[in-house]
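These notes concern the structure reproduced below.
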Amino acid sequence: MDFVDLKAQYHLLKHRIDARIQAVLDHGRFILGPEVAELEEKLAARIGAKYAIACASGTDALLLAMMALGIGPGDEVVTSPFTFFATGEMISLLGAVPVFADIDPVTWNIEPSAIEAVITPRTRAIMPVSLYGQCPDMDAVNAIAERHRLAVIEDAAQSFGGLYKGRHSGSLSTIGCTSFFPSKPLGCYGDGGACFTSDDTLATALRQLHNHGQDRRYHHTRIGINGRLDTLQAAILLAKLEAFDDELIARSEAADRYSTLLQDVLQPPRLLPGYTSAWAQYTIEVDHRDAVQDSMQKAGIPTAVHYPVPLHLQPVYASLGLKQGSFPHAERAGERVLSLPMHPYLTPQAIEEVVAALRQALAS
Ligand SMILES: *Cc1c(COP(=O)(O)O)cnc(C)c1O
């Protein structure tokens, strides 16, 4: 069994994907070809943002968002300690300081009431993360940002396709950032990402920054990066985008099936009222997580831990001086979370197999 089965998806969408790839091979515009603009238009329209700027990865999307906002040395960005490393990494890469606020133990997302306490005169932005596919309480985050005149950068790398009170993840903040890493809900066949904004000035900055700071060819008005999305990856995403709504439904059905079969032995993941998840992961908490994972591995069931070590306890962040115990909810989650196989082509039988192996592991 695969943790994420990309082959099943390819098998189903092969004709569309192959045709889209072939079209790029035929026209040969591999950098900023027509598929990139077509994708940007479709992504922006889909989520209700004025602009989408496709870029080379979710990591670059975060970097570009902060560059567009002028975040740099001496600045602080408030974020979750319980996330993929890139969230903190890009803040630090720009010479800014990640300042962590603990998570809500129910959703694993940043707890808005913990944000205000860590805001200082140096704070420039809040970067909430939509972990596993569900948005944080974005109205609460945006209200805090407004009170303190801060930008909000949504790390929506796992939540493209998720809804918050009827609005799309990625469109809920100053700049939304997502990833098209192959195993994300909408994934390409390599690295890819996008920034979303409805601000004209920021959109112009993002567009220039991701292409060496050019406002036209060989005319550089900013220091930027080579952060463009390949035309081939855009073509693949266009083919997959046509199936994406069906896939979101399939993910949600798989999640419901897991929850129904597991609710008597553990607390299934909780969606808050008015939220839908993109179900990037189906994640539970268990005691003796490593033993459970070993037992399932022996039964042939792949699982994953997203993520075992919170950012403040990463070796590179020892310099921040944040000891064990600083963010108890994030630390506890890091010890207990376990993600089960999740993708749109998971069969009911496969889910039953996973559940049987998990029940066995929990009983022993
Ligand atoms: C995947 C991910 C990223 C980075 O995206 P890449 O496309 O792999 O660079 C950033 N933040 C979170 C929360 C992620 O899950």
Side-chain angles (χ1 to χ4, degrees), residues 3-4 6 39 43 52-67 77-94 98 100-101 103-104 107-110 125-136 138 141 152-162 164 169-170 172-173 175-196 206 210 225-230 233-234 236-237 240 251 269 277-283 304-312 314 317 330 333-334 337 339 342-343:
F3 187 73
V4 174
L6 296 172
L39 178 71
L43 293 176
I53 294 90
C55 64
S57 68
T59 304
D60 272 0
L62 297 171
L63 180 68
L64 289 162
M66 287 185 283
M67 288 172 79
V77 177
V78 178
T79 191
S80 169
F82 193 56
T83 176
F84 178 61
F85 185 61
T87 317
E89 184 184 27
M90 291 305 104
I91 298 169
S92 300
L93 188 67
L94 285 171
F100 302 114
I103 57 168
D104 160 27
T107 61
W108 302 289
N109 282 327
I110 198 164
I126 307 171
M127 192 184 284
V129 180
S130 308
L131 206 68
Y132 309 144
Q134 175 173 215
C135 292
M138 290 301 293
V141 172
V152 179
I153 302 163
E154 199 190 344
D155 182 345
Q158 300 184 9
S159 58
F160 189 78
Y164 171 79
S169 176
L172 306 168
S173 61
I175 303 177
C177 300
T178 199
S179 165
F180 304 126
F181 185 82
S183 60
K184 302 287 160 114
L186 179 63
C188 56
Y189 289 156
D191 281 304
C195 292
F196 304 101
L206 289 165
H210 93 310
I225 62 171
N226 174 352
R228 302 169 301 235
L229 181 72
D230 292 346
Q233 300 301 346
I236 290 157
L237 287 165
K240 289 200 189 187
R251 281 177 184 275
S277 179
W279 292 110
Q281 306 298 343
Y282 184 92
T283 304
V305 174
H306 307 101
Y307 297 92
V309 183
L311 266 50
H312 66 288
Q314 292 291 343
Y317 282 137
V337 288
S339 301
M342 170 50 86
H343 59 83

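Residue numbers count from 1 along this sequence. Atoms within each ligand, like the ligands themselves, are counted from 1 in listed order.
- Given atom 9 (O) of ligand 1, the protein heavy atom at minimum distance is Thr59 OG1, 2.4 Å.
- Residue contact annotation: His306 has no non-hydrogen atom under 4.0 Å from ligand 1.
- Backbone and side-chain nitrogen or oxygen atoms of Thr83 are examined, and none is located within less than 3.5 angstrom of a nitrogen or oxygen of ligand 1.
- Between the Asn109 side chain and the Leu131 main chain, a donor and an acceptor come within less than 3.5 Å of each other.
- Of the possible polar contacts, one joining the Glu154 side chain to the Gly170 backbone as a donor-acceptor pair under 3.5 Å is found.
- Here the side chains of Lys240 and Leu186 are in contact, with some heavy-atom distance below 4.5 Å.
- Near Ser179, the atoms of ligand 1 lying under 4.0 angstrom from a non-hydrogen atom of the residue are 5 (O), 6 (P), 7 (O).
- Counting the atoms of ligand 1 from 1 in the order shown, those under 4.0 Å from a heavy atom of Tyr307 are 15 (O).
- Between Phe82 and ligand 1 there is no heavy-atom distance shorter than 4.0 Å.
- Applying the 4.0 Å criterion to heavy atoms of Thr87 picks out, from ligand 1, the atoms 11 (N).
- With contacts defined as side-chain heavy-atom distances shorter than 4.5 Å, the pair Thr59/Asp191 does not qualify.
- A donor-acceptor pair under 3.5 Å links the side-chain atoms of Ser57 to the main chain of Asp60, judged by distance alone.
- Polar contact check, Phe181 against ligand 1: no nitrogen or oxygen pair lies under 3.5 Å apart.
- Here the heavy atom of the protein found nearest to atom 14 (C) of ligand 1 is Lys184 NZ, 3.1 Å.
- The Val129 neighbourhood of ligand 1 comprises atoms 13 (C), with distances under 4.0 Å to a heavy atom of that residue.
- The Gly58 neighbourhood of ligand 1 comprises atoms 5 (O), 6 (P), 7 (O), 9 (O), with distances under 4.0 Å to a heavy atom of that residue.
- The distance between the ring centers of Trp279 and Tyr132 does not fall below 6.0 angstrom.
- Using a 4.5 Å cut-off on side-chain heavy atoms (C-beta onward), Pro128 and Met138 make contact.
- Close N/O approach between Asp155 and ligand 1 is found [any backbone or side-chain N/O within under 3.5 Å].
- Interface atoms of ligand 1 facing Ser57, defined by a heavy-atom separation under 4.0 Å, are 7 (O), 9 (O).
- Across the listed options Pro182, Ala157, Ala194, Ala157 owns the non-hydrogen atom lying nearest to atom 12 (C) of ligand 1.
- The CG atom of Leu311 lies 8.0 Å from the OG atom of Ser80; values are rounded to the nearest 0.5 Å.
- Under the 3.5 Å distance criterion, the side-chain polar atoms of Ser169 are left unmatched by any main-chain donor or acceptor of Ala156.
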